[in-house]
Student: 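Here it is: the structure, laid out below.
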Amino acid sequence: MKRNPTRPRLKVTADGINVVGHAGARLLSDLCDATGLTEGLSVAMAPTKQRRRGHDRGQVLADVAVMIADGGDAISDLAVLRNQPDLFGEVASTPTAWRALEAIDTAALERIAMARAAARKTVWATGADPGFYVIDFDGTLITAHSEKEGAAPTYKRGFGHHPLLAFLDATGEALGGILRPGNAGSNTAADHVELLAMALAQLPVDPNVVEVVARADSAALTHGFVDACRAAHVRFSIGHDLTAPIRTACLAVPARRWVPAVTADGRDERDGADVAEITDLVDLSRWPEATRAIVRREEPHPGAQLTFTDVDGHRFQVFITDQPDDDIAYLEALQRGRGRAEKLICNLKDTGLTNLPSADFAINAAWMTAALIAHDLLAWCRLIALDSDLARAEPKRLRYCLLHAAGVIARTGRQTRLRLAAGWPWANQLVAAFTRVNDLRLRI
């Protein structure tokens with residue numbers, strides 16, 4: 001049987017005129033400009049350069065962030081932008097980009113953070129302010145496949161780095177990150193306190209005026225971090241280890257205290273899970289005044305392996321908080337939402353953090369900062385430029401549907417036009433996104 005071909009035969013040539021790839025990535029460049037981020041980075045990076053001529057290092061950093069958001073994972077991937085000057089303008093060479101990252105020291109990182117905060121304030125002013133402020137703190141591991149400064153054995157028997165990160169739950173924005181050696185402790189209070197200050201500096205709101213909650217797992221359960229939250233007028237919600245006194249308290253909860261847990265959205269009761277407050281059953285005198293302890297018990301899912309802390313067929317989880325809300329089911333659902341931070345970490349790793357490009361620790365710290373900017377660009381794009389399902393899409397889908405779209409540059413006497421393929425399923429959504437970002441530029 002002879003099969004009829006379903007695809008037309010092609011003759012492939014390399015003579016296309018004004019054809020561009022990754023056309024959607026230009027949206028992120030425009031977003032950098034519209035929010036004032038490019039200008040802010042230029043000011044932040046100006047002191048690192050002594051000569052006037054050459055590339056603006058703030059522009060270079062913005063281009064690196066756009067390249068990372070577009071899926072690049074090495075500094076040399078900047079060639080995708082550089083080889084399309086009709087779309088991205090004049091982009092720095094790889095050595096120039098290396099030098100720009102190398103010039104970012106501690107003082108420059110502080111100035112870059114100020115530029116990011118100013119751009120975030122602009123984005124929120126357009127209506128992106130979520131009105132609900134929960135900051136997630138969590139660490140992750142980055143494997144190093146070669147000798148890199150700061151790479152060390154990790155607690156999971158790997159080798160690499162152990163950065164600590166902070167995200168805003170409501171918007172998915174990356175508020176800060178600290179690159180640390182692989183053997184850095186998970187519960188290092190000084191690092192959590194430093195990251196708390198970095199995250200609060202990024203928020204365009206005042207914790208003295210609105211409620212801000214710091215949420216973390218038991219790795220952040222240190223007196224130093226909790227005291228820093230209290231000093232900054234930030235509420236806390238932090239997981240607690242199942243120590244012997246805690247286990248005893250969980251088992252001593254009277255049956256009448258247990259109330260049904262609720263689903264993550266708070267709309268329905270969650271089958272097989274209950275919540276109770278155990279503040280009066282444990283000694284919390286060492287923690288700040290008004291600290292509470294709340295326990296959740298649930299039936300393990302079918303096939304789950306029980307541990308020695310699982311008693312009477314239930315699995316227990318405990319956290320402490322100073323939130324005054326009487327609805328403990330709501331407070332427990334809020335704490336359980338911390339799992340979303342793990343997905344944001346996965347997205348950040350998919351946006352430049354998996355591969356640190358240099359053997360030099362300072363350059364890798366600068367690269368991580370560029371990755372945080374790239375992560376925010378994608379978050380801001382979802383918040384102010386996209387709607388429907390794309391407003392909830394992860395980086396991989398945004399690249400597939402929008403950023404990697406192809407187009408043709410067409411010029412008239414007064415205008416340069418990017419013509420997207422008429423049959424591309426997401427072409428109209430990409431056009432609408434460009435329009436919204438351009439309107440933002442005109443309003444500022």
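These numbers were taken from a predicted model, which means no experiment stands behind them. In this chain, residues are counted from 1 in sequence order.
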Student: Do you know which two heavy atoms are closest between E173 and H375, and how far apart they sit?
Tutor: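 For E173 and H375, the tightest heavy-atom pair comes out as C-CD2, 4.3 Å.
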Student: Taking Q84 for the side chain and V80 for the main chain, is one N or O donor matched with an acceptor at less than 3.5 Å?
Tutor: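 The answer is yes, because a donor-acceptor pair under 3.5 Å joins these two groups.
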Student: Salt bridge between D169 and R338, side-chain N to carboxylate O under 4.0 Å?
Tutor: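 Judged by the 4.0 Å cut-off on N to carboxylate O distance, D169 and R338 do not form a salt bridge.
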Student: Any non-hydrogen side-chain atom of V275 less than 4.5 Å from a side-chain atom of L331?
Tutor: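 No - every pair of side-chain heavy atoms lies 4.5 Å or more apart.
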Student: Quick one: pull up CG in L101 and CE in M368 and give me the separation to the nearest 0.5 Å.
Tutor: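 One gets 13.0 Å once the value is rounded to the nearest 0.5 Å.
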Student: Side chains of L41 and L37: does their closest heavy-atom pair fall under 4.5 Å?
Tutor: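 Result yes, sub-4.5 Å side-chain heavy-atom pair found.
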Student: So, the side chain of T96 versus the backbone of A92: is there a donor-acceptor pair under 3.5 Å, distance only?
Tutor: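 Not a single qualifying donor-acceptor pair exists.
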Student: Quick one, L242 and V318 - any side-chain contact, counting heavy atoms below 4.5 Å?
Tutor: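 Sidechains of V318 and L242: in contact.
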Student: Assess whether side-chain hydrogen bond (donor to acceptor under 3.5 Å, both in side chains) is satisfied between N187 and T222, documenting all intermediate values.
Tutor: CA-CA 7 Å; N187 58 345; T222 63; over 6 Å; no
Student: Any ion pair linking D350 and K396 (charged N to carboxylate O, less than 4.0 Å)?
Tutor: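 Answer for the salt bridge query: no.
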Student: Are F88 and H22, when compared by the centres of their aromatic rings, separated by less than 6.0 Å?
Tutor: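 Ring centres of H22 and F88 not closer than 6.0 Å.
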Student: Is there a donor-acceptor contact under 3.5 Å from the side chain of H404 to the main chain of D70?
Tutor: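 At least one qualifying donor-acceptor pair exists.
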Student: Tell me, do C381 and L386 make a side-chain contact under 4.5 Å, heavy atoms counted?
Tutor: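 Yes. Closest side-chain heavy atoms under 4.5 Å.
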Student: Could R82 and D77 be called an ion pair, given the rule that one side-chain N must be under 4.0 Å from one carboxylate O?
Tutor: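 Looking at R82 and D77, the cut-off is not met.
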Student: From F319 CZ over to H240 NE2, what is the distance, rounded to the nearest 0.5 angstrom?
Tutor: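 The distance works out to 12.5 Å.
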Student: Run the side-chain contact (heavy atoms from CB on, under 4.5 Å) test on V295 and W258 for me, step by step, so that the C-alpha distance in whole Å, both residues' side-chain angles and the decisive distance to 0.1 Å come before the verdict.
Tutor: CA-CA 9 Å; V295 59; W258 293 105; 3.7 Å; yes
Student: Taking the side chain as C-beta and beyond, is there a heavy-atom pair between H162 and S186 under 4.5 Å?
Tutor: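 Yes - at least one pair of side-chain heavy atoms lies under 4.5 Å apart.
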Student: Applying side-chain contact (heavy atoms from CB on, under 4.5 Å) to L377 and C32, what does each step give before you reach the verdict?
Tutor: CA-CA 8 Å; L377 287 175; C32 274; 3.7 Å; yes
Student: Between the side chain of R292 and the main-chain N/O of Q323, is any donor-acceptor distance below 3.5 Å?
Tutor: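 Indeed, once roles are kept as given, a pair shorter than 3.5 Å links the two residues.
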Student: Under a 4.0 Å threshold between the charged nitrogen and the carboxylate oxygen, would E277 count as salt-bridged to R257?
Tutor: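 So R257 does not pair with E277 through a salt bridge.
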Student: Looking at D376 and R120, does any basic side-chain N land under 4.0 Å from a carboxylate oxygen?
Tutor: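 A salt bridge links D376 with R120.
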Student: Should I373 and R116 count as side-chain neighbours, where that means a heavy-atom distance under 4.5 Å?
Tutor: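 Yes, their side chains come closer than 4.5 Å.
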Student: Of all heavy-atom pairs between P47 and V43, which one has the smallest distance, and what is that distance?
Tutor: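 That closest heavy-atom pairing would be CD-O, 3.4 Å.
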Student: When you measure from the side chain of T321 to the backbone N and O of F236, does any donor-acceptor pair fall under 3.5 Å?
Tutor: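 Side chain of T321 to backbone of F236: a pair is present.
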Student: Verify the distance criterion only: is there a donor paired with an acceptor across the side chains of R26 and S29 at less than 3.5 Å?
Tutor: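 No pair is found: no donor N or O on one side chain lies under 3.5 Å from an acceptor on the other.
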Student: Taking Q335 for the side chain and A216 for the main chain, is one N or O donor matched with an acceptor at less than 3.5 Å?
Tutor: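 Yes: the side chain of Q335 pairs with the backbone of A216.
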Student: Side chains of D217 and I238: closer than 4.5 Å at any heavy-atom pair?
Tutor: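 Not in contact.
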Student: If you count the non-hydrogen atoms of other residues, nucleotides and ligands that lie under 6.0 Å from NZ in K49, is the total more than 12?
Tutor: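 Correct, the count exceeds 12.
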Student: Return the CG to CG distance between D63 and L28, rounded to the nearest 0.5 Å.
Tutor: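 Spacing of CG (D63) from CG (L28) equals 11.5 Å.
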Student: Which heavy atom of A74 sits nearest a heavy atom of M67, and at what distance?
Tutor: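 Between these two residues, the closest heavy atoms are O-CE, 3.5 Å.
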Student: Check whether the side chains of D322 and T291 place a donor and an acceptor atom closer than 3.5 Å, and report yes or no.
Tutor: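 No donor-acceptor contact under 3.5 Å links the two side chains.
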Student: Looking at F159 versus H145, is the centre-to-centre ring distance below 6.0 Å?
Tutor: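 No: the rings miss the under 6.0 Å criterion.
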Student: Find the distance between CD1 (I142) and OG1 (T154) and round it off to the nearest 0.5 Å.
Tutor: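 Answer rounded to 0.5 Å: 11.5 Å.
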Student: Tell me, with the steps shown, if I104 and T48 meet side-chain contact (heavy atoms from CB on, under 4.5 Å).
Tutor: CA-CA 7 Å; I104 298 177; T48 69; 5.8 Å; no
Student: Any sub-3.5 Å donor-acceptor pair from R340's side-chain atoms to D136's backbone N or O?
Tutor: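 Side chain of R340 to backbone of D136: no pair is present.
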Student: Could you tell me whether E289 and R230 make a salt bridge, using a distance below 4.0 angstrom between a side-chain N and a carboxylate O?
Tutor: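 Not counted as a salt bridge, because no side-chain N and carboxylate O are separated by less than 4.0 Å.
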Student: In this structure, are over 12 heavy atoms from other groups packed under 6.0 Å from D105 atom CG?
Tutor: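 Above 12, so yes.
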Student: If every non-hydrogen atom of A374 is compared with every non-hydrogen atom of T351, which pair is closest and at what distance?
Tutor: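 Of all heavy-atom pairs spanning A374 and T351, the closest is CB-CG2, 3.8 Å.
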Student: Checking side-chain hydrogen bond (donor to acceptor under 3.5 Å, both in side chains) against K349, which of T140, N355, T354 comes through?
Tutor: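 Passing option: T140.
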Student: Taking atom types as modelled, is there a side-chain donor on D56 or S42 under 3.5 Å from an acceptor on the other?
Tutor: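 Looking only at side-chain atoms, S42 and D56 do form a donor-acceptor pair, the distance falling under 3.5 Å.
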Student: CZ of R180 to OG1 of T188: how many Å apart, nearest 0.5 Å?
Tutor: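 If I round to the nearest 0.5 Å, the distance is 5.0 Å.
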Student: Please check if the side chain of R382 supplies one atom and the backbone of A393 the other of a donor-acceptor pair under 3.5 Å.
Tutor: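 Confirmed, R382 side chain pairs with A393 backbone.
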Student: So D30 and N438, side-chain contact (heavy atoms from CB on, under 4.5 Å) or not? Walk me through it.
Tutor: CA-CA 7 Å; D30 289 353; N438 188 57; over 6 Å; no
Student: Are the side chain of T122 and the backbone N or O of A118 linked by a donor-acceptor pair below 3.5 Å?
Tutor: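 Yes; judged by distance alone, with no hydrogens or angles, the pair exists.
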Student: Taking the side chain from D206 and the backbone from N208, do they hold a donor-acceptor pair closer than 3.5 Å?
Tutor: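 Side chain of D206 to backbone of N208: a pair is present.
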Student: So, for D241 and I246, which heavy atoms are closest and what is the spacing to 0.1 Å?
Tutor: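 Taking every non-hydrogen atom into account, O-CG1, 3.9 Å.
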Student: Taking side chain as C-beta onward, heavy atoms only, is L348 less than 4.5 Å from F167?
Tutor: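 Heavy-atom side-chain distance check passes, below 4.5 Å.
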Student: Under 4.0 Å between a Lys/Arg side-chain N and an Asp/Glu carboxylate O for D387 and R436?
Tutor: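 Judged by the 4.0 Å cut-off on N to carboxylate O distance, D387 and R436 do form a salt bridge.
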Student: In terms of side-chain geometry, is the basic nitrogen of E298 or R296 positioned less than 4.0 Å from the acidic oxygen of its partner?
Tutor: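 Here E298 pairs with R296 in a salt bridge, since their nearest N and O are under 4.0 Å apart.
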Student: Quick one: sort the W124 and Y133 rings into parallel, tilted or perpendicular, breaks at 30° and 60°.
Tutor: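 Aromatic pair W124/Y133 classed parallel.
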Student: Stepwise, does the salt bridge (Lys or Arg N to Asp or Glu O under 4.0 Å) test hold for R315 with E299?
Tutor: CA-CA 6 Å; R315 180 161 291 166; E299 301 170 357; over 6 Å; no
Student: Taking atom OH of Y155 as the centre, report whether more than 12 heavy atoms of other residues, nucleotides or ligands fall under 6.0 Å from it.
Tutor: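 Count over threshold, so yes.
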Student: So, taking the atom named SG in C401 and the one named CH2 in W424, what distance separates them when rounded to the nearest 0.5 Å?
Tutor: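 If I round to the nearest 0.5 Å, the distance is 7.0 Å.
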Student: Which atom pair, heavy atoms only, marks the closest approach of P324 to R235?
Tutor: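 Looking at all heavy atoms of both residues, the shortest contact is CD-CZ, 3.8 Å.
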Student: If we ignore angles and hydrogens, is there a donor and acceptor under 3.5 Å between the side chains of S358 and K148?
Tutor: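 Not at all, the side chains of S358 and K148 share no donor-acceptor pair under 3.5 Å.
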Student: How are the rings of F137 and F225 set to each other: parallel, tilted or perpendicular (split at 30° and 60°)?
Tutor: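 The rings of F137 and F225 stand perpendicular, inter-plane angle above 60°.
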